[in-house]
Visitor: 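My questions will all concern the structure given below.
Just so you know, these numbers use all the heavy atoms, side chains as well, and skip hydrogens, waters and symmetry mates.
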Amino acid sequence: PPRPRGGGFTPEGFVAALRRRLSSGAAVAARASFAADSGDESGPPEPSSSHRRRDSSGDTSSTGGPGDFTAFSFRAAAPVHRKAKESPLSSDAIFKQSHAGLFNLCIVVLVAVNGRLIIENLMKYGLLIRAGFWFNSTSLRDWPLLMCCLSLPAFPLGAFSVEQLAFRNVITDAVATCLHIILTTAEIVYPVLVILMCDSAVVSGFLLMFIACIVWLKLVSFAHTNHDIRQLTISGKKVDNAPSTADMDNLQAPTLGSLIYFMMAPTLCYQPSYPRTENVRKGWLIRQIILYLIFTGIQGFIIEQYINPIVVNSQHPLKGGLLNAVETVLRLSLPNVYLWLCMFYCFFHLWLNILAEILRFGDREFYKDWWNAKTIDEYWRKWNMPVHKWIVRHIYFPCMRSGISKEVAVFVSFFVSAVLHELVVAVPCRILKFWAFLGIMLQIPLITLTSCLKSKFRDTMVSHPFLVSY
């Protein structure tokens, strides 16, 4: 409200000025709201500062006056429909506005539905998780698998010895390559034989095969990278673009320290040196370890409380009919998605960041925004960055350099991935059905399908087939 001038202040004059000011603001707000609702973008503008000063001083000689709703914009003769406009949910306008309200509604519905499912499950089965889920007396039978896992570092030491002999010109590159092939093959066959000869649990066999595949990928990267370093330094092989100073620092012979750091680091691609952080954040590290333990317990709860009862109480897919099989798959889909998301967050974000923090490993791009992927191809390039970088570096680019077409290089990349997935799944379960192999190889036609959809439809619409297949 305006300040009273001089000493002649009266409450009546102050209240009148305040009423005029408020009514003038209400008129401006009403005009703006009416113009927005009617689509009139050239509606009455907000009064200027001189206009407001005249209103505050009581000058009502301006057109309409403060608080006057007799202007043409507020009369019945004023047109309401001024231009053609689409409905907010029409195909031409749906992607031009925010849908935050609908998203919040979906979150509320999701919480309500899942809350009901949790209560219904607890009322039907009770609390099923037990103390012996992670370790019990039968776990002692898996000691051969533990000894096999502890003996796996012998293969990296053998690969290091081969490289030392190759860099000293004691053996040729061909001999070194043959020795690396023998070492890598023995490293992957050794745990397979141990699992098949022992009566071990599926989880223990899965962990051993998972670790063995990681060591195999690291050995291949170690041998391939050092072979390329020897070609660039000792043989003097020419390249198209000259390497930078930072690249030249990585063209060095391997040391025992670099090999040990590489085998422990959260990466599958070897190089003599890595970007490092300055220090270890102890408080941050403790928080990540606590979150890792919490999400590990959540995974066990989902398996014991939701997945196991559905599998035990459901009929065989080939005996109960098509509808029973579809119903079982749909009941398993929701807990499986939650379990997969927890496993992704627990391993790719928490565990790999814990290792990176302890080792001060700098490059922590373990995943990208795969949840925004619009095609299957984009998803595979974003969700598992360590494996993606390994495949691109050691399979895809070498195939392209050798003159192989892009389609064949993609096929070879998926073939290697499919074989490793089949080993991790089939060997611990002792069932060779090629389900994991076919699941990975069928991604190639899905990539072609989603790429065709992306070229024909809007980019934002293509993510729906990806989410359905996911």
Visitor: Salt bridge or not for K389 and D363, using N-O below 4.0 Å?
Guide: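 Looking at K389 and D363, the cut-off is met.
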
Visitor: Without swapping roles, check the side chain of E378 against the backbone of K374 for a donor-acceptor pair under 3.5 Å.
Guide: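 It does hold such a pair.
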
Visitor: May I ask you to check whether F160 and F155 place their ring centers less than 6.0 Å from one another?
Guide: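 F160 vs F155: aromatic centres not under 6.0 Å.
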
Visitor: Please find out if less than 6.0 Å separates the ring center of F344 from that of Y367.
Guide: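 Distance test on ring centres: under 6.0 Å, yes.
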
Visitor: Would R276 and F361 count as a cation-pi pair here, with the cationic atom under 6.0 angstrom from the ring centre and within 45° of the axis?
Guide: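 No - R276 does not lie over the ring of F361 by the 6.0 Å and 45° rule.
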
Visitor: Return yes when atom CH2 of W435 has more than 12 non-hydrogen atoms of other residues, nucleotides or ligands closer than 6.0 Å, and no otherwise.
Guide: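 No, CH2 of W435 has 12 or fewer neighbouring heavy atoms, counting only those of other groups under 6.0 Å.
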
Visitor: Can you check whether Q443 reaches F414 side chain to side chain, under 4.5 Å on heavy atoms?
Guide: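 Yes; the side chains approach each other to less than 4.5 Å.
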
Visitor: Hey, is E357 close enough to R364 for a salt bridge, meaning N to O under 4.0 Å?
Guide: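 Yes.
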
Visitor: When rounded to the nearest 0.5 angstrom, what is the spacing between CG in N226 and CD in Q164?
Guide: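 Rounded to the nearest 0.5 Å, the CG-CD separation comes out at 9.0 Å.
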
Visitor: Within the supplied structure, the quantity of interest is the number of heavy atoms (other residues, nucleotides, ligands) at a distance under 6.0 Å from M264 CE; does it exceed 12?
Guide: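 Not more than 12 within 6.0 Å, no.
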
Visitor: In the structure I gave you, are the side-chain heavy atoms of Y270 and L259 within less than 4.5 Å of one another anywhere?
Guide: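 Not in contact.
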
Visitor: Are N353 and F366 side-chain neighbours, meaning at least one heavy-atom pair lies under 4.5 Å?
Guide: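 Touching, per the 4.5 Å side-chain cut-off.
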
Visitor: With heavy-atom distances below 4.5 Å as the criterion, would you say the side chains of V194 and M147 are in contact?
Guide: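 Not touching, per the 4.5 Å side-chain cut-off.
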
Visitor: Find the distance between CG (L268) and CG (L219) and round it off to the nearest 0.5 Å.
Guide: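 Spacing of CG (L268) from CG (L219) equals 11.0 Å.
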
Visitor: I'd like to check W216 versus L423 (side-chain heavy atoms, cut-off strictly below 4.5 Å). Are they in contact?
Guide: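 Counting from C-beta outward, W216 and L423 never come under 4.5 Å.
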
Visitor: Using the ring-ring contact (aromatic ring centres under 6.0 Å, His included) rule, pick out the option among F347, Y345, W351 that qualifies with Y292.
Guide: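 Between Y292 and the candidates, ring-ring contact (aromatic ring centres under 6.0 Å, His included) is satisfied uniquely by W351.
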
Visitor: Please examine the side chains of W371 and L341, heavy atoms only from C-beta on, and report whether any two atoms are closer than 4.5 Å.
Guide: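 Contact flag for L341/W371 side chains = no.
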
Visitor: Please work out which of the three classes, parallel, tilted or perpendicular, describes the rings of W383 and W340, given edges at 30° and 60°.
Guide: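 Rings of W340 and W383: tilted, 30 to 60°.
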
Visitor: Find out whether F415 and F437 are in side-chain contact, i.e. whether some heavy atom of one side chain is under 4.5 Å from a heavy atom of the other.
Guide: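 Yes, close enough: below the 4.5 Å cut-off.
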
Visitor: Might you work through the side chain to side chain donor-acceptor pair (under 3.5 Å) test for E163 and H227, ending with a clear yes or no?
Guide: CA-CA 8 Å; E163 288 301 322; H227 172 75; over 6 Å; no

Visitor: Starting at CD1 of I303, measure out to CG of L339 and round the result to the nearest 0.5 Å.
Guide: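 Those atoms lie 5.0 Å apart.
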
Visitor: Atom OG of S258 and atom CD of Q271: how far apart are they, to the nearest 0.5 Å?
Guide: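 CD of Q271 is found 10.5 Å from OG of S258.
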
Visitor: Say whether, by atom type as modelled, one donor and one acceptor occur between the side chain of Y261 and the main chain of P272 under 3.5 angstrom.
Guide: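 No, the answer is negative, given that no donor and acceptor are paired below the 3.5 Å cut-off.
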
Visitor: Around atom CZ of F167, are there more than 12 heavy atoms of other residues, nucleotides or ligands at under 6.0 Å?
Guide: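 Count over threshold, so yes.
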
Visitor: Cationic tip of K218 within the cone over F262's six-membered ring, i.e. under 6.0 Å and within 45° of the normal?
Guide: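 Yes, cation above the ring, under 6.0 Å and within 45°.
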
Visitor: Would you say the side-chain atoms of E422 pair up with the backbone N or O of F434, donor to acceptor, closer than 3.5 Å?
Guide: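 Flag set: sc E422 to bb F434 pair under 3.5 Å.
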
Visitor: Above 12 or not: heavy atoms from other molecules or residues under 6.0 Å from CZ of F348?
Guide: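 Yes, because the 6.0 Å sphere around CZ of F348 holds more than 12 heavy atoms from other groups.
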
Visitor: Quick check against the 3.5 Å criterion: does H394 have a side-chain atom that pairs as donor or acceptor with the backbone of W390?
Guide: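 Looks like no, no N/O pair under 3.5 Å.
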
Visitor: Which heavy atom of I229 sits nearest to which heavy atom of Q252, and what is that distance?
Guide: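 What the structure gives for the nearest pair is CD1-O, 3.7 Å.
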
Visitor: Do the side chains of F295 and M343 get nearer than 4.5 Å, heavy atoms only?
Guide: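 A side-chain contact under 4.5 Å is absent here.
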
Visitor: What's the shortest heavy-atom distance between K368 and M385, and which atoms?
Guide: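 The answer is CE-CE, 3.8 Å.
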
